[in-house]
Amino acid sequence: MTTHTETNGMYQLAQERYAVLGIDTEAALQKLSTFSISIHCWQGDDVGGFENAADAPGGGLAVTGNYPGKARTPAELRTDFEKALSLIPGRHRMSLHASYAETCGRPVGRDELGVEQFQGWIAWAKEIGIGVDFNQTYFGHPKVDRGMTLTHPDEGIRRYWIEHGIRCREIGAAFGRALGTTCVTNLWIPDGMKDTPADRRAPRERLIESLDAIFAPAIDKRHNLDSVEPKLFGIGAESYTAGSHEFYLGYAVSRGTLLTLDAGHYHPTEGIADKISSALCFLPEIVLHVSRGVRWDSDHVVTLTDDLQAIAQEVVWGGYDNRVHIGLDYFDASINRVAAWVIGARNMLKALLLALLAPVPALRQAELDGDYTTRLALMEDMKVLPFGAVWDEHCRRMSVPAGQAWLDEVKRYEADVLRARG
Ligand code: RNT
Ligand code: ZN
């Protein structure tokens, strides 16, 4: 077996090459290992959840594909998630949705959920030593009426969903307390209009009232932090979304919640990278839903695009790693779901490593000097440095397969476990 020596040899050469630019690959690897990504549970079962399995999520979320082997039970989802974790270097978290409640076959309203329905998740997370973040679920439910929840003109419907929001914050705090790591509970609602609304104002004013009611109960911030997630449009809500970017930015700043920037929630050419430093001028912390928009879809598997690299650069170069909760949010049912998790999470980490391996002081000095020629030249030269050898070394040190070996592992799992599912 020569693989390890070869990898090491390649790594040493890479280390020397980076050192010429004053970049310490050891420091970069050390720093990379401190990043914890909040990996979304919903890639594993096509956003199905466990309340009423067969239904499509709705709320403008479209999951396409029918690749065999999706998780049908909490136990299957956990096993699949653990398989994915074993192929992703580092220590990461799970981002769970309220619709993954375990109700033991008994219907439990979203307005009556409590920590009881999440004991299984808590016990499992404790056992495997991961933190959990939480999401309120305002879709895939009969009480989503004409696409509306917290903005609905009917007070009863609003009340139902307000109660859900309050319950979820309590559940989030229970996760945070039990696992000893703060849970971020994220709020996203689909509320909007397919066609031109006659009243853009009233739903937003109702939304403020609903949100204020949800966030009224004081919850210990060491256990739970609240975040709100804007969106420009969704399928079936092309003309108006009450919870727009401006709406929630204003809300977060005025109420002291976090803000979730989802990479797929803006105009097709509008990225979230540039929003990070602006939002962090006014907010102590933010959440990222790293995703990849493709035309009208906001949720393709995260690949190593320029957009992704720009996001990682902003987090790393801005020194914001302690103020940004990095989460993933995408779903693809047309490929192996464990692979989808692994590909997206590894790409997020690769993008962070690329950002850590940049000659930031030299770039900034060139910028201060007005030497934009050097800045551009350096940025372009960075792209062909031997990054892959450093990434492989990271995987090796973190005891996860480097290169294609992770895929062999997923294929084996597919043959042994996933194919047996109905
Ligand atoms: C929807 C939002 C939201 C969901 C998840 C499932 O556009 O991005 O975050 O994707 O909550
Ligand atoms: Zn999102």
Side-chain angles (χ1 to χ4, degrees), residues 37-51 55-64 71 77 93-101 110 132-141 144 147 149-150 161 164-165 168 171-172 183-192 226-238 240-245 247-248 252 257-268 270-272 275 286-302 307-308 311 324-333 337 340-341 344 348:
I37 312 296
S38 190
I39 303 172
H40 56 313
C41 72
W42 51 91
Q43 166 59 61
D45 72 330
D46 312 341
V47 206
F50 299 122
E51 300 165 297
D55 288 3
L61 308 178
V63 191
T64 48
L77 188 60
R93 311 167 60 84
M94 177 187 255
S95 176
L96 190 66
H97 241 286
S99 51
Y100 290 74
R110 295 239 178 114
V132 170
D133 296 306
F134 201 52
N135 298 264
Q136 315 177 14
T137 312
Y138 297 98
F139 53 80
H141 193 278
V144 182
T149 61
L150 296 175
W161 290 113
H164 174 65
C168 285
I171 296 163
C183 172
V184 178
T185 298
N186 181 56
L187 182 152
W188 171 77
I189 59 166
D191 300 35
D226 300 301
S227 194
V228 289
E229 181 180 5
K231 188 170 184 174
L232 179 63
F233 70 94
I235 312 266
E238 289 84 3
Y240 172 72
T241 293
S244 62
H245 184 71
F247 177 89
Y248 278 127
T257 67
L258 278 62
L259 181 74
T260 299
L261 298 174
D262 185 309
H265 281 194
Y266 296 89
H267 257 292
E270 184 180 2
I272 58 166
K275 301 183 192 303
I286 59 168
V287 176
L288 302 183
H289 267 188
V290 179
S291 183
R292 177 169 53 104
V294 176
R295 304 197 191 277
W296 53 82
D297 177 63
S298 65
D299 301 286
H300 276 55
V301 178
V302 168
D307 282 346
L308 181 67
I311 291 168
V324 178
H325 303 259
I326 303 176
L328 303 178
D329 179 11
Y330 55 80
F331 24 92
D332 188 337
R337 295 168 185 80
W341 265 323
M348 183 69 243

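Atoms within a ligand are numbered from 1 in the order they appear, just like the ligands themselves.
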Given W188 and H265, is the side-chain contact (heavy atoms from CB on, under 4.5 Å) satisfied, shown in steps? CA-CA 11 Å; W188 171 77; H265 281 194; 4.1 Å; yes

Please determine if the Zn ion (ligand 2) has an N/O/S atom from D299 lying under 2.8 Å away. no

Going by the closest heavy atom to atom 10 (O) of ligand 1, which one wins out of D329, V63, L187? D329

With the Zn ion (ligand 2) at the center, what angle do ND1 from H289 and OE2 from E229 span, rounded to 10 degrees? 90°

Ion pair check, D46 and R337, cut-off under 4.0 Å: yes

Of the N, O or S atoms in D262, the one nearest the Zn ion (ligand 2): OD2

Any side-chain donor paired with an acceptor under 3.5 Å for H97 and T137? yes

If we check side-chain hydrogen bond (donor to acceptor under 3.5 Å, both in side chains) with S95, which of these qualifies: N186, N135, D329? N135

So if I count the atoms of ligand 1 from 1 in the order they appear, which ones are less than 4.0 Å from some heavy atom of K231? 1 (C), 7 (O)

Does H40 have a non-hydrogen atom less than 4.0 Å from ligand 1? no

Just which atoms of ligand 1 are under 4.0 Å from any heavy atom in L61? 1 (C), 7 (O)

In the protein, what heavy atom is nearest to atom 9 (O) of ligand 1, and what distance, to one decimal place, separates them? E229 OE1, 2.8 Å

